[in-house]
Amino acid sequence: MEEINEQTPQAVQTDEGQNRYLGEGNLFKLMLKFSIPCVLSLVISALYNIVDQIFVGNSELSVLGNAATGVVFPIFIIAQGFAWWFGDGCAAYLNICQGRGNSQNAHKAIGTGIVFTLISSVVLMAVFYPVATPMLTFFGASENSLPLAIEYFNIILGFFPVFMVMNMMNGVIRADGAPGWSMASMLSGAITNIVLDAAFIIGLKWGMAGAAWATVIGQTVSFVISLLYFILKTKTFKLSLKSFIPDFKEFANPVKLGASSFIIQMAIVIISVVCNAMLVKYGAMSEYGVDIPISIIAIESKVFTVVINIVVGVVLGCQPIISYNMGAKNYSRVKKLYFYILSVTVAIGLIFTIIFEAAPSAVVGIFGNPDPEQVNPELYWEFGVKTFRIFLMSVTFTCTIKMSSIFFQASGKPVFAVSSALIRDIVCFVPLICIMPIFLGIEGILWAAPIADSVAMIVTVIFTVVFFNSFKKDKD
């Protein structure tokens, strides 16, 4: 760490001058410059899980292997929740400071964020290891898939510090005006993961352990590249050993700004757990059984993660532009940028809606054919088609809600950010997936998503109108 020097006010002022183009440059060109690397970075990040799912599904593990990775998925979301809380909070705080022309103390908040991320990772390991079996059972693992899930989970959990700090650092790297470096970090890890998945699962026949080792080695590669940026390449802040002495006063703002990321991730965990519980309950009462619904929803979750990460990449890539202009009170640019991002979001949502409605079997087929000794293939394909056509029929609304939530967060409006997400996930979706199956059976779970999206979309529109009206009051 000796190469890292204490940040000086003079150095900060020089870097702030270099960032003025965020408030003056062509918005559409800036959006492309910042968003494309971020989109690629987040889509590549999604590949960490989806590649495992593809290789597992196409191996002898088949449906049960997919179900096993599916029940472990909420654990990843919990870990990301803490990492993104501190990372997104520090990133938004850094950009707002840049817009105000003062990021002299940002290094204290970022150093504290890294420390808190490490502490969180150790705590999660200590909590999760002893309760692995009951927890994964609660998350939807059946007697058939539980041993595979535990094998995968135990390896993944041991690398939580690497996984979480890497995620935290990547948000700050993008905010520091280096989305290309963040993309390189994630791309290197993903390529490593893909190569090792082929070697470990297909070549060496290591099964779930092979999938897990491929994932954690890929994450370690990404971590090392991100760490090198913090040591050698930072632009608007510099870390020193003093930066890692927790500064609770300076860290208070990032905690507030990033809280919406954490709450939203925890909401995803809640709906995943409740959804899996309902699938187990009503799947057992249906012709599909337990393993088919859990496996298909695991596939749907991974595919949806890719879709939502494209949208998140667009708006998250624009976070430096949004936060800088909010800090500088360039409200006309903020409003214009919102509608640019909205147009892209709607286009992405419509494209994937067409794919999911027209070719659901092709999407499910990427993850392999079901083993007849494990499940009934006809029922597997039937439930797969229903899931993608019904559950994701309003994916355009889902994307717009998510995009607006992140935009609000980047604008320093965490209450709007959290509220728009929670209304969709907790207020509407969770009660619906508990109530609708009573009348419609297992298909009621699938119909809960488009209904929740429709209600939340109305609320998001109202929040957006109120948000833009606040600009007029601030000018007055």
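Computed over heavy atoms, backbone and side chain alike; hydrogens, waters and symmetry mates excluded. Please read these numbers as outputs of a predicted model, since none were measured by experiment.
For the pair Lys108 and Phe251, the minimum side-chain heavy-atom distance is 4.5 Å or more. Counting heavy atoms from C-beta on, the side chains of Ile156 and Phe163 never come closer than 4.5 Å. Using a 4.5 Å cut-off on side-chain heavy atoms (C-beta onward), Cys399 and Ile308 make contact. Side-chain contact between Phe356 and Phe391 is absent, with no heavy atoms from C-beta onward closer than 4.5 Å.
Of the candidates Asp176, Asn170, Thr234, Tyr229 forms a side-chain hydrogen bond (donor to acceptor under 3.5 Å, both in side chains) with just one, namely Asp176. Asn193 pairs with exactly one of Leu196, Ile191, Asp197 by the side chain to side chain contact (heavy atoms under 4.5 Å, CB included) rule, that one being Asp197.
Side-chain N or O atoms of Ser323 include none that pairs as donor or acceptor with a backbone N or O of Pro320 at under 3.5 Å. Of the possible polar contacts, none joining the Thr192 side chain to the Gly218 backbone as a donor-acceptor pair under 3.5 Å is found. Side-chain N or O atoms of Ser35 include none that pairs as donor or acceptor with a backbone N or O of Leu32 at under 3.5 Å. In this structure a side-chain-to-backbone donor-acceptor pair under 3.5 Å is missing from Asp88 to Ala410. Within the 3.5 Å criterion, the main-chain N or O of Phe416 finds no donor-acceptor partner in the side chain of Ser419. The backbone N or O of Arg333 sits nowhere less than 3.5 Å from a side-chain atom of Asn330 that would complete a donor-acceptor pair. Of the possible polar contacts, one joining the Tyr129 side chain to the Asn154 backbone as a donor-acceptor pair under 3.5 Å is found. No donor-acceptor pair under 3.5 Å is formed between the side chain of Ser185 and the backbone N or O of Trp181.
Ring geometry for Phe471 against Phe467 counts as perpendicular: the plane angle is over 60°, on a 0 to 90° scale with 30° as the lower cut. Using cut-offs of 30° and 60° for the angle between ring planes, the Phe86 and Phe82 rings count as tilted.
Counting non-hydrogen atoms of neighbouring residues, nucleotides and ligands closer than 6.0 angstrom, the NZ atom of Lys413 reaches no more than 12 such neighbours. Counting non-hydrogen atoms of other residues, nucleotides and ligands closer than 6.0 Å to CZ of Phe397 gives a total of 12 or fewer. Counting heavy atoms of neighbouring residues, nucleotides and ligands inside a 6.0 Å radius, atom CZ of Phe28 does not exceed 12 of them.
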Kindly determine whether Thr398 and Asp453 satisfy side-chain hydrogen bond (donor to acceptor under 3.5 Å, both in side chains), including the steps that lead there. CA-CA 6 Å; Thr398 316; Asp453 283 330; 2.8 Å; yes
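Thr460 and Ser420 share no donor-acceptor pair across their side chains, judged by distance under 3.5 Å alone.
Rounding to the nearest 0.5 angstrom, the gap separating the CD atom in Gln319 from the CE atom in Met326 is 12.5 Å. Atoms CG and OG, on Leu422 and Ser405 in that order, are 8.5 Å from each other to the nearest 0.5 Å.
The cationic atom of Arg424 (NZ for Lys, CZ for Arg) lies less than 6.0 Å from the six-membered ring centre of Phe429 and within 45° of the ring axis.
Ring-centre distance between Phe468 and Tyr338: below the 6.0 Å cut-off. Taking the six-membered ring where the residue is Trp, the centroids of Trp213 and Phe200 are separated by 6.0 Å or more.
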